[in-house]
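In the text below, chain A, chain B and the rest are named by the order of the sequence lines, each starting its count at 1. Values below: all heavy atoms of this structure, side chains included; hydrogens, waters and symmetry mates excluded.
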Amino acid sequence: MSQTMPAPAAHGGSDEVLVEVKGLHKSFGQLHVLKGVDFVVHRGEVVVLLGPSGSGKSTLLRCINSLEEAQQGTIRVGDVTVECGHWGRTYEKSVHGVRLQCGMVFQDFNLFPHKSVTENVVEAPLLVKGMKKDAAAKRARELLEQVGLSDRAEYYPSQISGGQKQRVAIARALAMDPKLMLFDEPTSALDPELIGEVLLVMKDLADAGMTMIVVTHEMGFARDVASRCIFMDEGVFVEEDSPENLFFHPRHERTKSFLRHILPKEGDNVERVAGGAPLGMGDEAPQEMK
Amino acid sequence: MKHRFVSIGVPLLAALLMVWALALAPAASAAGTPPKPVGSVPSSVGQSVSWGQGSVTVLYYAGTSPVVPAACELSINGDKVPVAQATDSSYANGRQLQFSFAADYQPPKGNLKLHAVLVTKSGEHVTYDWTYNNPGAAKPELLDWPTIRQFWWYIAKGGALTVELTVISICFAVVFALFGALGRLSRTMSFKEAWDKYRSWGFMALHTLRMIPYWIATFYTSLFRGTPLLLQIFVIYYAIPAIIDYMHARYSWFNIPYPSAFVSGCAALSLNYGAYLTEVFRAGIQAVPKGQTEAAWALGLSGGQTQRRIVLPQAFKIVIPAVGNDFIALIKDTSLVSTITVNELLHRAQLVGGRTLQFLSALLVAAAVYWILTIFFSFWQARLERRMEHDRARA
């Protein structure tokens, strides 16, 4: 994790390009989900992917760490490049190389139910990095402290709430010291009152300079934390802009119609708090929308 | 083991000998007083007379003129006995004449006066008179308690071998099943999908290699689920020595002993149950959510690490009830190896039955021991399941 961050550039990150996706095509049988996506993320950026369901945002995220294999295109993360549509030892090494640099947080947590919270966090460092037990345990304690779960270290996933599970999942991903964090709708499976605690952890992470790609429907989070928002539809990037511009001055008709559905209307009382700051669209949004 | 009263290999022969000895001895002793020959020829002295089931036999020394069986007569207490057939044959250094009673004739009980008239070809009549105390047919008993008292512990000790067979077989079966299940699940795509994916002959070659475990596992489960266990036991028992012989013929350095019946039985049971458990394990592994694998991959775990550390521990918990079920079934299926002379529970019961002719008593003892064993293991399985349930609730 890069704690020290260079001065923010226009896109909100440093000049160093951490993720570069070129001409990514992915189809499930006859269904063409990603139609040539080109995409760059700089170090320190927080990119939020928006779009209707089936637009390919989750697929794009899963393609980046090769949980889905794209048919065509290249994916570069750091100094490792995956040539999609290839196979063999080199390809598998590159996939592993990318996965080592990416932490991923899933919608339904996917914590290992047969392992305690601490065991969940230390599993990958022990197995993949060959870390010493003491060092891994120490790191796990730090990370659980960071996500505010020091007192749940010996609990099993079934014994903690959804929000706590997702925070453990974040800690588990961070334990591998990734350069990039991928969040696949991290709050969609949570009860409304548990969403805040997860968003808070994510916001802290962003503030600490972590590069993040987030698929979410939390517009408040997007507005407050994102350095860039991308609106996807039918497998292509429709519009890509700062959150303010995308939400309040969308250029494309498709974006506008999507935002009309998803943004709170006037009179809606959206109070979702993370880090003490109101993350809802607050009072200015409805006026801006008119 | 001292208490195995016969060695493996000749038990059936021994049992037959014993049955013969036991069956003959009381018949000979029940012969009563030796008959006094009256008259001259044929022969000298009647040796003895035996009272068999539905027949009376007169032993005599042959004279100059042979006996005509059809003309001979037998009477009991002065009443002529309806004789279905009289057979004259040689016996030791004399001869014997056997009167078989007619099918509907039942000799009276108590002290009987027997009177036999032997007629020779030359027309002489030789009579024998003797007495015999006929106890009558014993009242049939459902269970023979003396037999049970004498042999129940001998039969029950066979349970040790049954448990041994079960435990060894289930251990090997689980190992076979684990590899079988991984093999069955190693197929990720069909040949068509593989071709469509990369359209590369190199990848097709690799894919073909990767299919081999799947093919082996599929062949294995298909074969062992598709043929009867009893047949597998026989084939393995006879095939392994044959294979060893075949190898000997070619490689003289090869010198392994023939497996015992026990080893053959274990091999057959393990392979058969391994095939069934393969399907159980496959279902168990597939029941672990896909997200678990994805989470492990996303963390950078290799395929092997994912299986060993994440998927299999969860799959094991899922399959415990099914494996317990098969374990109980296996306890009972070990009885099939009695057919290849493994001296386990059922085999011992059959030996005792053969020796005492009290098959029902002996087999019921074996049934009771099987039942107790399964009750014990069901109880144990239920406990294990409860503990796992608790674990799952916790985890």
Considering only heavy atoms, which portion of Arg172(A) lies under 4.5 Å from any heavy atom of chain B: side chain, backbone, both, or neither? both
Is it the case that atom CZ in Phe28(A) sees more than 12 heavy atoms from other parts of the structure closer than 6.0 Å? yes
From Gln292(B) atom CD to His114(A) atom NE2, the distance as rounded to the nearest 0.5 Å: 7.5 Å
Take a 6.0 Å sphere around NZ of Lys129(A) and say whether it holds more than 12 heavy atoms from other residues, nucleotides or ligands. yes
Heavy-atom cut-off 4.5 Å, strictly under: side chain, backbone, both or neither for Leu182(A) against chain B? neither
Mind jotting down which residue pairs meet the side-chain hydrogen bond (donor to acceptor under 3.5 Å, both in side chains) criterion with at least one end in residues 322-333 of chain B? Sequence neighbours excluded, please. Tyr273(B)-Asp333(B)
Over 12 non-hydrogen atoms of neighbours within 6.0 angstrom of CZ in Phe219(B): no
Expected contact set for residues 95-107 of chain A against chain B at heavy-atom separation under 4.5 Å reads His96(A), Arg99(A), Leu100(A), Cys102(A), Met104(A), Phe106(A)
Whether over 12 other heavy atoms sit under 6.0 Å from Lys133(A) NZ: no
For a quick test of reading the model, state the closest non-hydrogen atom pair linking Val128(A) to Leu299(B) and the distance between them. CG2-O, 4.0 Å
Between CZ on residue Arg309(B) and CD on residue Glu119(A), distance to nearest 0.5 Å: 8.5 Å
Donor-acceptor pair, side chain of Asn110(A) and main chain of Gly291(B), under 3.5 angstrom: yes
Residues of residues 197-209 of chain B contacting chain A, heavy-atom criterion under 4.5 Å, by residue number: Lys197(B), Tyr198(B), Ser200(B), Gly202(B), Phe203(B), Leu206(B)
Heavy-atom count around Glu83(A) CD within 6.0 Å, excluding the residue itself: above 12? yes
List the atom of Leu127(A), the atom of Gln305(B), and the distance in Å for their closest heavy-atom pair. O-NE2, 3.2 Å
If you count heavy atoms of other groups shown closer than 6.0 angstrom to CH2 of Trp215(B), is the number above 12? yes
Just checking heavy atoms, which of residues 66-80 of chain A are less than 4.5 Å from chain B? Leu67(A), Glu69(A)
Answer with side chain, backbone, both or neither: which region of Asn65(A) has an atom nearer than 4.5 Å to a non-hydrogen atom of chain B? side chain
